[in-house]
Amino acid sequence: MTTQFGKGCHLHLIDGSAFIFRAYHALPPLTRKSDGLPIGAVSGFCNMLQRYISDDHGPDAPTHVAVIFDKGSHTFRNDLYGLYKANREAMPEDLRPQMPLTREATRAFNIACQEIEGFEADDIIATLACQARDLGGRVTIISSDKDLMQLVGGGVEMLDAMKNRRIDVEGVEEKFGVGPDRVVDVQALAGDSVDNVPGAPGIGIKTAALLINEYGDLETLLDRAEEIKQPKRRQTLIEHRAQIELSKRLVQLDCNTPLDFGLDDLEVRDPDPETLLSFLSEMEFRTLSTRIAKALAVEAPVIPDVAPAASEDSAADWPAIAPEAYERVSDMAALQVWIDRILARGYVAIDTETTSLNEMQAELVGISLAVEPGQACYIPLGHREGASDDLFGSDALAEGQLPRDAVLSALRPVLEDAAVLKIGQNMKYDAKIFAGLGLTIAPIDDTMLMSYALNSGIHNHGMDALSERYLAHNPIPIKTLLGTGKSAVTFDKVPIDEAVKYAAEDADITLRLWHMFKPQLHQKQVTTVYETLERPLVPVLARMERHGILVDRDVLSRMSNAFAQKMGGLEAEIHELAGRSFNVGSPKQLGEILFDEMALEGGKKGKTGAYATGADVLEDLATEHELPARVLDWRQLSKLKSTYTDALQDHIDPNTGRVHTSYVQTGASTGRLASTDPNLQNIPVRSEEGRRIREAFVADAGKRLVSLDYSQIELRILAHVAGIDALKQAFRDGLDIHAMTASEMFGVPLDEMTSDVRRRAKAINFGVIYGISGFGLARNLRIPRAEAQGFIDRYFERFPGIRAYMDETVEFAKAHGYVQTLFGRRIHTPEIAAKGPRAGFAKRAAINAPIQGTAADIIRRAMIRMPEAIADLPCKMLLQVHDELLFEAEEDAVDAVITAAREVMEGAADPAVHLDVPLTVDAGSGMNWAEAH
DNA sequence: GACATCACG
DNA sequence: GACGTACGTGATGTCC
């Protein structure tokens, strides 16, 4: 029986996407037990549908109903405005496979399910609502999306299913300050950060409503913009007219979407028990199918409690790791067999063997591949005749190897195929090796980064450690092939038979680890962290490292000489003062001189029984005696010379003339990067003499170094996470945050602030980030402990939210064994349950980790987005120093680079996290790093 | 290879 | 009540 849609009919339109995202975010990432398919969103979606149909809608009960979905990402709005919805985060990987299942679910409930390629659900909803209204029927749109509010009125209402609240014309007026017919005008002015609709800068909903109410509608307002009294508003409207008109076209819903169905197709139908229950069984939703069976008065299906399907994914069925079973690939036909296996499977574990850990100088020696546990091979390419009696070494290639270029040509389609996942352990290394050979390897997965996302703070993430821990297998140590110390050889000298076992084993282990880690990412809810903060950073870091930074050897060399001369003078002076000669660089000898021979006060022995002679100790002694003061000077120079001016020269690459650091993505438990070989994250800056070392870091001819750094990012994050209104407001107002803290704490007005009071407040602000203690603050400020404790007490009194945040964070760590950043990164705190002094360490680390980690996440997001943002500019990103990014840019592009990079950095938290405080970035440029910073 | 020291955020 | 203590890193030199 069909009823013609008309008066007396009531159409319900459900915004399907809203249901899905609500379900996805409300539920933990459930997986189907039998095969691990993610189904959390489907489960939530079905529960919401079930609740919807079982609800007694009373007089609002529908005669017609449909669930409307989005289909495709490109719509007419993208043609109007390329940046429309451009700030959307990519769909989480575990949600994507659930999208078709939500359509299936809708059909299983026997509810009409509609989507049209190239049209947003909102336009389909608008079209149907208009049709139904024009035929005299009623419409309820089940959604709380404000973009749909323009449709309300004339029999159309909205229903916020979560709050069970109906939204009528008054509701819309409450929200927008205007009636539904003027909602688009307000939206056009106010813009929308969620959909990236620009609007008029500086005008929000309140102001927009005010203007529209005054002038009647948007067109009149724009035509009469000259009459507006407020100069800034007037100018904005006149200047951005085109942008405002574009915004209106973006927010205006289209009531004329071409539909291939009619309202009559949407009539409410009872679900067919068999169809619905068989779908729910397939999904293995036990509770829900029992509930629905009861409601439908039929017998609930029995869903067998199957064990996870036996497959190669199940570690129990894997063959033991057996290096002698791996294949050596010696002819192109055999290689082709492996390539075919990889293409058929869609993924491969891969590892490269080279002559050096330094990727810039490494030569490719061989490649290993694994496609399933136990099935791995090694392709030797660059092994040399290992004539150990040949004093000069032999350059001849060993027999039985394929030509390197032929192998790379054959592998290129695999390495660059978007449909083949390349799995590696520390893929940045392999990606850099391949990049040196003109190959771009993508897409990738990295077991080291998976381990880091899963278990940061619990253990390290090197392959040997992971293999031992998760596979109970100790891989062949590289030492057994290369030897150690002076007699160590490079991998090209390793006999091929030995290399096959070692190299293929690495690929095999990597593949096994991948099979274990992949499902764990979902289970531990760190898939997004891995996919948005870890994996996409790999190619970014690889490019930065390969590019390197230009360092002027002559500048360093001159400084080294000057330091050596000064040190010689100081050393003579020190020996004179000591009355005898000794090794100034030996803390042990210095301690004996100071505290035994000279019998100075304050000698304290540490754990090992040696006197402490750190800078703080020497500084105290320096007020009394000359010797410790001279030693401090000597030490500063010694540090600068050995660690910087000497060592950096050895790191200049002979081929590029540049210094290529290596970032360790898994180096710091908090999410920060570490920089090694050389460490370019601790180049001196605090002392005047040290800072001059930065003059050796220079821009190439015609270029400039450009530095951008976040201002007070950790304090801003603290203000946000702890919810400290006074701090948040101070940041919004652009105040001097330390002076403001001092003013709040000590009651000193800002204009009477002394530098000493400010200095104390600054120390407290930093102390808070580190998990403050009276002892620590006292030592830092060199004041009595009781006084320091008094400061802290006053601070907590004034900002009680900080104390609450600290307590909550420690409690969270105790309850879960980890803390997390605003972006979901987990940092484990296994020591939190410890007793004694270790508990103090763990507490402070737990308090600091979410703050430091969130800052680290933010700059990572900026770095990941940076290549696209600067793609059209003549510049390269070179270095990251925790809150600073350093670029090298063509001289005339400096301003454009600063503008583009600043925008990315300041907006890096969006849209995943909306901070209550603005992020601000300071910028500078110059011929060298000292000038730019 | 452990330890002390000191460079950075 | 005593314990010990600011958070996160890497490189260098001494000494065993």
Side-chain angles (χ1 to χ4, degrees), chain A residues 456-457 582-591 605-618 631-632 634-648 650-651 661-664 666-687 689-691 693-694 709-715 718 763-781 785 788 792 806 819 827 829 834-853 855-856 859 879-884 933:
Chain A
S456 178
F582 69 103
N583 184 348
V584 184
S586 164
K588 185 165 169 275
Q589 294 179 30
L590 176 66
K605 292 189 177 178
K607 289 167 231 170
T608 53
Y611 288 113
T613 67
D616 49 347
V617 176
L618 296 189
V631 172
L632 281 169
W634 184 92
R635 277 197 182 160
Q636 192 200 1
L637 297 175
S638 163
K639 181 81 178 183
L640 295 178
K641 182 172 185 293
S642 69
T643 310
Y644 300 104
T645 57
D646 285 353
L648 275 172
D650 301 334
H651 282 284
T661 184
S662 185
Y663 289 102
V664 191
T666 57
S669 62
T670 53
R672 272 195 180 179
L673 302 177
S675 160
T676 64
D677 307 303
N679 181 354
L680 295 186
Q681 290 181 322
N682 71 345
I683 303 302
V685 69
R686 292 175 188 169
S687 77
E689 278 191 294
R691 180 194 288 264
I693 290 173
R694 296 189 171 217
D709 67 290
Y710 284 109
S711 162
Q712 309 284 10
I713 187 167
E714 293 193 353
L715 272 177
L718 174 71
I764 298 169
N765 275 334
F766 279 109
V768 164
I769 292 173
Y770 300 147
I772 199 159
S773 74
F775 183 93
L777 183 65
R779 204 175 60 169
N780 188 287
L781 285 177
R785 194 170 158 177
I792 295 171
M806 295 171 88
V819 291
I827 299 119
T829 54
K835 292 270 174 279
R838 282 142 63 116
F841 276 114
K843 264 190 189 177
R844 291 191 297 272
I847 290 165
N848 172 259
I851 302 170
Q852 185 182 117
I859 196 164
L879 300 180
Q880 187 248 44
V881 192
H882 309 309
D883 64 359
E884 172 188 6
H933 184 76

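For the numbers below, each heavy atom of this structure counts, side chains included, while hydrogens, waters and symmetry mates do not. As the structure is a prediction and not an experimental result, all values here were calculated from the model. Throughout, a chain's letter reflects where its sequence line sits, starting with A, and its residues are numbered from 1.
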What is the distance from [atom1] of [X] to [atom2] of [N], rounded to the nearest Å?
| X | N | atom1 | atom2 | answer |
| --- | --- | --- | --- | --- |
| A/D616 | B/dA4 | CG | C1' | 12 Å |
| A/H933 | B/dC8 | NE2 | C1' | 10 Å |
| A/Q589 | B/dA4 | CD | C1' | 14 Å |
| A/L879 | B/dA7 | CG | P | 20 Å |
| A/Q880 | B/dG9 | CD | C1' | 10 Å |
| A/Y663 | B/dG9 | OH | P | 13 Å |
| A/W634 | B/dC6 | CH2 | P | 11 Å |
| A/D646 | B/dA7 | CG | C1' | 15 Å |

Using the criterion of both pairing distances under 3.5 Å for Watson-Crick and G-U wobble pairs, give all stems of 3 or more consecutive pairs involving DNA chain C.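 Result, WC/G-U stems under 3.5 Å: B:1-9 with C:7-15.
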
Report yes or no: does [X] contribute a side-chain atom to a donor-acceptor pair with the main-chain N or O of [Y] at less than 3.5 Å?
| X | Y | answer |
| --- | --- | --- |
| A/R694 | A/I683 | yes |
| A/S456 | A/I827 | no |
| A/S638 | A/W634 | no |
| A/T661 | A/T676 | yes |

Could you work out the separation of [N] and [M] based on their [atom1] atoms and round it to a whole Å?
| N | M | atom1 | answer |
| --- | --- | --- | --- |
| B/dC8 | C/dC3 | C1' | 31 Å |
| B/dC6 | C/dG4 | P | 23 Å |
| B/dA7 | C/dT5 | C1' | 22 Å |

Pick base, sugar-phosphate or nothing for [X], based on heavy-atom distances below 4.0 Å to the nucleic acid.
| X | value |
| --- | --- |
| A/N583 | sugar-phosphate |
| A/R691 | nothing |
| A/S638 | nothing |
| A/A763 | base |
| A/F841 | sugar-phosphate |
| A/I772 | base |
| A/G840 | nothing |
| A/A856 | nothing |
| A/T608 | sugar-phosphate |
| A/V685 | sugar-phosphate |
| A/N780 | base |
| A/R635 | sugar-phosphate |

Work out which heavy atom in A/I769 is nearest to a heavy atom in A/I851; give both atom names and the distance.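 Closest heavy-atom pair between A/I769 and A/I851: CG2-CG2, 4.2 Å.
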
Counting C-beta onward and ignoring hydrogens, is there a side-chain heavy-atom pair between [X] and [Y] closer than 4.5 Å?
| X | Y | value |
| --- | --- | --- |
| A/T645 | A/L640 | no |
| A/E714 | A/D883 | no |
| A/Q712 | A/N765 | no |
| A/L777 | A/Y770 | no |
| A/L673 | A/Q681 | yes |
| A/L680 | A/L648 | yes |

DNA chain C: 5'-proximal contact among A/K639 and A/P837 (nearest heavy atom):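 Nearest nucleotide further toward 5': that of A/P837.
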
Along DNA chain C (nearest heavy atom to each residue), the more 5'-positioned of A/A845 and A/G836: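 This one resolves to A/G836.
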
Using a heavy-atom cut-off of 4.0 Å to chain A, what are the terminal contacting nucleotides of DNA chain C, in 5' to 3' order?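 So the outermost contacting nucleotides come out as C/dG4 to C/dC16.
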
Look up atom [atom1] in [X] and atom [atom2] in [Y], then write down how far apart they are to the nearest 0.5 Å.
| X | Y | atom1 | atom2 | answer |
| --- | --- | --- | --- | --- |
| A/I859 | A/Q880 | CD1 | CD | 4.5 Å |
| A/E884 | A/L879 | CD | CG | 8.0 Å |
| A/N679 | A/H651 | CG | NE2 | 10.0 Å |

Can you pull out the residues from residues 667-683 of chain A that lie within a 4.0 Å heavy-atom distance of DNA chain B?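 A/R672, A/Q681, A/N682, A/I683 - these, ordered by number, are the residues of the stretch whose heavy atoms sit under 4.0 Å from the strand.
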
